[in-house]
Amino acid sequence: MDPSQTEKDLLIILLPILVVLSTLLFLLVLFLAITIVFRRRRGIALGDNDGPVDLSRDEFADGAGGFSGVEGRWLESVDEETARGYLRAKDFQSQYPPNSQPTDITLSQFLSIQEKGVSAWSFEPDYEMNPSVLVHARTELTFLPDPLSASVVQSNLPLPKLNEVYYWEVKLFDLPTTTSVSIGLATKPYPAFRLPGHSRFSIAYHSNGDKSHNYPFTSTPFGPSLKEGDTLGIGYRPRNGTVFFTRNGRKTEDAFVGLSKFNLFPSIGADGPCSVHVNLGQAGFVHLEANVKKWGLAPSQGTLAPPPAYGSERGSILLQAGGSASPRGMGIPS
């Protein structure tokens, strides 16, 4: 056989293979380049896109110019009012960082939990800072229209850290399509005019289906959007700082990890009128596993009897008998 003919035959066979492999390699390089450019254009790349975001690190925004570059480009892309609110919150948190006021559960609060159970928790807005939030029966929240800013309200007590899981739910009773609601966890003090998830030391699930943490430009699609009648649940595992969500009883994948450094408070914010009811464990949960395993913040009923009311000793047979006993009868010489 002619050697030259054999080489030609091999070339005819190998040439298409080489062309296909070269094309695939070119497409792979092109895909990677487009991905990098797209992420930089968005201004932020989360290092944990394929799983829960690790919040044990202080900053992990990736983009041209580092975090300051990401932040600067975002500020240039938003309107003046949005930028002003962001910078105002940033200044607030620089003056009042987490733990700048006591947030640990005190002895009196612990005794209140023992006495009242989960009823020791309530939502207490600062009406001077947030006149557009009304609270009924401790856990029924009504947000009124406020054209100037969003509003947030937090629980009076933080999540405990003794059990494996703590869980609570929010029922959206009245949610106009023009209102955005954010439900999550945040430290105290927290700026009363910022949605949770939009300022440092906070995470949230937003009614448009996004999740975010610490900054508004960390928002990424996570789950279904919320509508009137839906129930969103928030679960917290204090041992590893994991947060997961449920929607109408169905659990999503874990959303965040590493949230174990500070005390965290259930936090709900809205930028318009709406009405929500919060279940901290005082009633049955929509999520069945939380019911079976009793994941509420505390038992629905307290285990410690309340102290007697002042003046309740009047009419006590024991005290009357003791008061009528003579000193001689008590063995005390007269």
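Within a 6.0 Å sphere centred on CD of Glu124, other residues, nucleotides and ligands contribute more than 12 heavy atoms. Within 6.0 Å of atom CZ in Arg138, more than 12 heavy atoms from other residues, nucleotides or ligands are found, so the atom counts as buried in its surroundings. Within a 6.0 Å radius of CD in Gln95, other residues, nucleotides and ligands contribute more than 12 heavy atoms. Around NZ of Lys251, the count of heavy atoms belonging to other residues, nucleotides or ligands within 6.0 Å exceeds 12. For CD of Gln101, the number of neighbouring non-hydrogen atoms (other residues, nucleotides, ligands) closer than 6.0 Å is greater than 12.
One distance of note links NE2 of His136 with OG of Ser275; it measures 7.0 Å at 0.5 Å rounding. With rounding to the nearest 0.5 Å, the separation of OH in Tyr190 from NE2 in His198 is 8.0 Å. Note that CG of Leu185 and OG of Ser267 are 6.5 Å apart. Values are rounded to the nearest 0.5 Å. Going from atom CD1 of Ile234 over to atom OH of Tyr236 covers 14.0 Å, rounded to the nearest 0.5 Å. Here the straight-line distance linking atom CD of Glu81 with atom CZ of Arg88 works out to 11.0 Å at 0.5 Å rounding. The structure places NZ of Lys188 at 15.5 Å from CZ of Phe262, a figure rounded to the nearest 0.5 Å.
Taking the six-membered ring where the residue is Trp, Phe217 and Tyr86 present tilted rings, their angle falling between 30° and 60°. Classified by interplanar angle (parallel below 30°, tilted 30° to 60°, perpendicular above 60°), the ring pair His213/Phe256 is perpendicular. In this structure, His287 and Trp295 have tilted ring planes: the angle between them lies in the 30° to 60° band.
Closest of all the heavy-atom pairs between Pro273 and Thr179 is O-OG1, 2.9 Å. Of all heavy-atom pairs spanning Tyr166 and Leu297, the tightest one is CE2-O, 3.7 Å. Residues Leu232 and Tyr205 come closest through the heavy atom pair CD2-CB, 3.8 Å. Heavy atoms only, all atoms of each residue included: Pro158 and Thr103 are closest at CG-O, 3.5 Å. Of all the heavy atoms in Leu144 and Pro131, the pair that sits closest is CD1-O, 4.4 Å. Contact record, Ser180 with Ser207: CA-OG, 3.5 Å, taken as the closest heavy-atom pair.
Residues Leu195 and Phe201 do not share a hydrophobic cluster, defined by chaining ILVMFWY side chains whose heavy atoms lie under 4.5 Å apart. When hydrophobic clusters are built by joining Ile, Leu, Val, Met, Phe, Trp and Tyr residues whose side-chain heavy atoms come closer than 4.5 Å, directly or via intermediates, Leu162 is grouped together with Trp121. At a threshold of 4.5 Å between side-chain heavy atoms, the hydrophobic network of Ile, Leu, Val, Met, Phe, Trp and Tyr places Leu280 and Ile105 in one connected group. Both Leu159 and Ile183 are assigned to one and the same hydrophobic cluster, defined by single-linkage of ILVMFWY side chains at heavy-atom distances under 4.5 Å. Hydrophobic clustering of Ile, Leu, Val, Met, Phe, Trp and Tyr side chains at less than 4.5 Å, counting indirect connections, unites Val78 with Phe67.
Taking the ring centroids of Tyr215 and Trp74, they lie at or beyond the 6.0 Å cut-off.
Counting heavy atoms from C-beta outward, Thr139 and Asn279 have side chains that stay 4.5 Å or more apart. Thr231 places none of its side-chain heavy atoms less than 4.5 Å from the side chain of Leu172. Side-chain contact between Ile268 and Val278: present, with at least one pair of heavy atoms (C-beta onward) separated by less than 4.5 Å. At least one side-chain heavy atom of Pro196 sits less than 4.5 Å from a side-chain heavy atom of Val152. Looking at heavy atoms from C-beta onward, Ile203 lies out of side-chain contact with Leu264 at the 4.5 angstrom threshold. Side-chain contact between Phe173 and Glu140 is absent, with no heavy-atom pair separated by less than 4.5 Å. Proximity of Glu228 to Asp174: side-chain heavy atoms (C-beta onward) are separated by under 4.5 Å at one or more points. Considering only heavy atoms from C-beta on, Val133 stays 4.5 Å or farther from Tyr127 through its side chain.
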Item to check | Full working for side-chain hydrogen bond (donor to acceptor under 3.5 Å, both in side chains) between Tyr167 and Thr246 | outcome: CA-CA 10 Å; Tyr167 179 84; Thr246 66; 2.6 Å; yes

Next on the checklist: For Ser212 and His206: C-alpha separation, side-chain torsions, deciding distance, then whether side-chain hydrogen bond (donor to acceptor under 3.5 Å, both in side chains) applies.
Outcome noted: CA-CA 8 Å; Ser212 71; His206 304 281; 2.6 Å; yes

Next on the checklist: Let's go through Phe222 and Asp210 carefully: what are the C-alpha distance in whole Å and the side-chain angles of both, what is the deciding distance for side chain to side chain contact (heavy atoms under 4.5 Å, CB included) to 0.1 Å, and is it a yes or a no?
Outcome noted: CA-CA 5 Å; Phe222 180 70; Asp210 288 356; 6.0 Å; no

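Lys227 has a carboxylate O that lies under 4.0 Å from a charged side-chain N of Asp230, or vice versa, which qualifies the two as a salt bridge.
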